[in-house]
Asks: 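There's a structure below that I have some questions on.
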Amino acid sequence: MKDNLIERDGKLWFVEYHSDYTGHIYAVRRVLYRGESCCQSIGVYDLYHYGKTLVLDGKIQSTACDEWVYHEVLVHPMMVTHPEPKRVLVIGGGEGATAREVLRHKTVEEVHMVDIDSLVLKVCRKYLPEFSRGAFKDPRLSIIIGDGRKFLENAKQGFYDVAVIDATDPIEGGPALLLYTKEFYELVWRCLSEDGVMVTQAVSPSYEFEDQITCTVSIFRTVGSVFPIARYYRAYIPSFDGEWGFVLGSKTHDPLDLSAEVVDERLRRRGVDGLKYYHSRLHTSLFTMPKNIKELLESFPKARVLRDDEPAFVY
Ligand code: SAM
């Protein structure tokens with residue numbers, strides 16, 4: 001099992017490897033669940049500094065301590081970019097926290113959440129109910145168990161206003177490898193309405209390894225090869241040990257055209273309150289890159305448009 005638990009100094013540790021030479025270790029207070037599903041190893045650990053944590057294939061997905069940073073930043077910039085998001089597609093997002101954030105917007109009439117792994121959902125409902133906070137009981141949410149890619153192949157054209165891709169990282173042999181390619185984003189484009197918007201998590205820009213940088217910049221280039229508006233943004237997630245990248249793709253609306261007043265007005269009109277991280281003045285600054293990342297996005301030579309027959313993966 002790829003759950004990377006080791007004993008040392010009388011304690012149990014979870015090790016997340018970032019390359020052959022580096023990683024992050026976390027002391028484990030309690031193992032709540034360990035198992036293997038159709039497609040990945042699953043662990044739920046109570047970590048000393050981060051609280052309850054979901055780990056898939058040896059990679060942290062979210063922790064109680066800071067899951068709200070990741071999920072607010074993933075969802076709200078994209079939701080406010082669309083003037084009236086009613087039909088929402090979520091691919092992945094097994095904890096239910098992405099759906100939770102989407103459902104805060106009162107414009108939303110239906111959310112279809114497609115996750116490949118029924119066991120992840122079952123385990124999250126049982127051990128991590130504070131991550132979904134009732135979202136699974138919201139009548140606007142329908143859960144579909146299946147591969148997000150196959151779902152899109154049969155999805156109704158132009159049906160969704162917005163789509164959130166909250167899948168696991170592209171790892172070799174992992175279930176999400178083909179959720180980051182041009183062919184995949186073409187399917188996302190097809191299922192979106194004329195002014196549709198999408199967002200995907202896009203791995204980390206701050207692990208300075210070639211495969212990681214190639215991957216995050218390539219996801220940006222790949223979304224940009226399909227959507228006329230592609231914007232990269234990032235936020236620091238403490239438990240991920242670095243900054244995390246996101247890519248928004250849009251057919252017509254540009255998140256950078258939104259003033260703080262418009263963001264405030266959209267959040268208020270939709271009844272979105274009680275956020276802990278995202279706010280109207282942060283909106284534009286999320287998209288403002290330090291010089292090194294800006295330069296990577298503009299000209300990292302190894303980055304390329306990812307295709308099904310030549311995807312990119314992280315360690
Ligand atoms: N925050 C996350 C991260 O850092 O990678 C993503 C979290 S979420 C738990 C990832 C979900 O993607 C999992 O529940 C997994 O089962 C799902 N997933 C992976 N591959 C998928 C696929 N091909 N179709 C649908 N869901 C998929």
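Position 1 is the first residue of the sequence, and the numbers go up from there. All of these numbers come straight from a predicted model, not from anything done at the bench. Every number for a ligand or one of its atoms is a count from 1 in the order of the listing.
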Asks: Provide, to 0.1 Å, the distance between atom 10 (C) of ligand 1 and the closest protein heavy atom, together with that atom's residue and name.
Replies: D166 O, 3.3 Å

Asks: Verify whether one side chain among T63 and D66 offers a donor that lies under 3.5 Å from an acceptor in the other.
Replies: yes

Asks: Does the side chain of I293 come within less than 4.5 Å of Y232's, by heavy atoms?
Replies: yes

Asks: Under 4.0 Å from a heavy atom of P175: which atoms of ligand 1 are those, numbered in the order shown and with their elements?
Replies: 19 (C), 20 (N), 22 (C), 23 (N)

Asks: Short list, please: which atoms of ligand 1 are under 4.0 Å from a heavy atom of D117?
Replies: 16 (O)

Asks: Decide whether D20 and Y315 meet the rule of one side-chain donor and one side-chain acceptor closer than 3.5 Å.
Replies: yes

Asks: Looking at ligand 1, does any of its N/O atoms fall within less than 3.5 Å of an N/O of V120?
Replies: no

Asks: Describe, in one word, how the ring planes of Y127 and Y33 are oriented to each other, choosing from parallel (under 30°), tilted (30 to 60°) and perpendicular (over 60°).
Replies: tilted

Asks: Is L56 close to ligand 1, meaning an N/O of one under 3.5 Å from an N/O of the other?
Replies: no

Asks: Please write down residue, atom name and distance for the protein heavy atom closest to atom 2 (C) of ligand 1.
Replies: Q61 OE1, 3.3 Å

Asks: Check for me whether F240 has a heavy atom closer than 4.0 Å to any atom of ligand 1.
Replies: yes

Asks: Would one find an N or O of L54, backbone or side chain, under 3.5 Å from an N or O of ligand 1?
Replies: no

Asks: Just checking, any donor-acceptor pair under 3.5 angstrom between side chains of S19 and Y207?
Replies: no

Asks: When you look at CZ of R30, are more than 12 heavy atoms from neighbouring residues, nucleotides or ligands closer to it than 6.0 Å?
Replies: no

Asks: With atoms numbered from 1 as shown, which atoms in ligand 1 lie under 4.0 angstrom from a non-hydrogen atom of G94?
Replies: 8 (S), 9 (C), 14 (O)

Asks: With sequence neighbours excluded, tell me which residues meet salt bridge (Lys or Arg N to Asp or Glu O under 4.0 Å) with R266.
Replies: none

Asks: Please identify which atoms of ligand 1 are closer than 4.0 Å to at least one heavy atom of Q40.
Replies: 15 (C), 16 (O)

Asks: Between H283 and H76, is there a side-chain donor-acceptor contact under 3.5 Å, judged purely by atom types and distance?
Replies: no

Asks: Are the side chains of I91 and F184 in contact, using a 4.5 Å heavy-atom criterion?
Replies: yes

Asks: At a 4.0 Å threshold, what atoms of ligand 1 neighbour a non-hydrogen atom of V114?
Replies: 25 (C), 26 (N)

Asks: Check the angle between the aromatic planes of H112 and F159 and answer parallel, tilted or perpendicular using the 30° and 60° thresholds.
Replies: parallel

Asks: Classify the ring geometry of W244 against F240: parallel below 30°, tilted from 30° to 60°, perpendicular beyond 60°.
Replies: perpendicular

Asks: Just which atoms of ligand 1 are under 4.0 Å from any heavy atom in E95?
Replies: 7 (C), 8 (S), 9 (C)

Asks: Which of parallel (below 30°), tilted (30 to 60°) and perpendicular (above 60°) describes F246 and Y70?
Replies: tilted

Asks: What part of R149 sits under 4.0 Å from ligand 1 if we count only heavy atoms: the side chain, the backbone, both or neither?
Replies: neither

Asks: Strictly below 4.0 Å, N to O, side chains only: are E84 and R269 in salt-bridge contact?
Replies: yes

Asks: Can you confirm, on distance only, whether ligand 1 has an N/O atom lying under 3.5 Å from any N/O atom belonging to D147?
Replies: yes

Asks: Is the contact between Y70 and ligand 1 made by the side chain, the backbone, both, or neither, using heavy atoms and a 4.0 Å cut-off?
Replies: side chain

Asks: Do any heavy atoms of G146 fall under 4.0 Å from ligand 1?
Replies: yes

Asks: If I apply the N/O under 3.5 Å rule, does D115 come out as touching ligand 1?
Replies: yes

Asks: What protein heavy atom sits nearest atom 24 (N) of ligand 1, and how far off is it?
Replies: G148 N, 2.8 Å

Asks: Identify, by atom number and element, the atoms of ligand 1 in contact range of G92, meaning under 4.0 Å from any of its heavy atoms.
Replies: 11 (C), 12 (O), 17 (C), 26 (N)

Asks: How close does the nearest protein non-hydrogen atom get to atom 26 (N) of ligand 1, and which residue and atom is it?
Replies: I116 N, 3.2 Å

Asks: Report, in ascending order of atom number, the atoms of ligand 1 lying under 4.0 Å from any heavy atom of A167.
Replies: 5 (O), 6 (C), 10 (C), 12 (O)

Asks: Which residue owns the protein heavy atom closest to atom 19 (C) of ligand 1, what's the atom, and how far is it?
Replies: T168 OG1, 3.2 Å

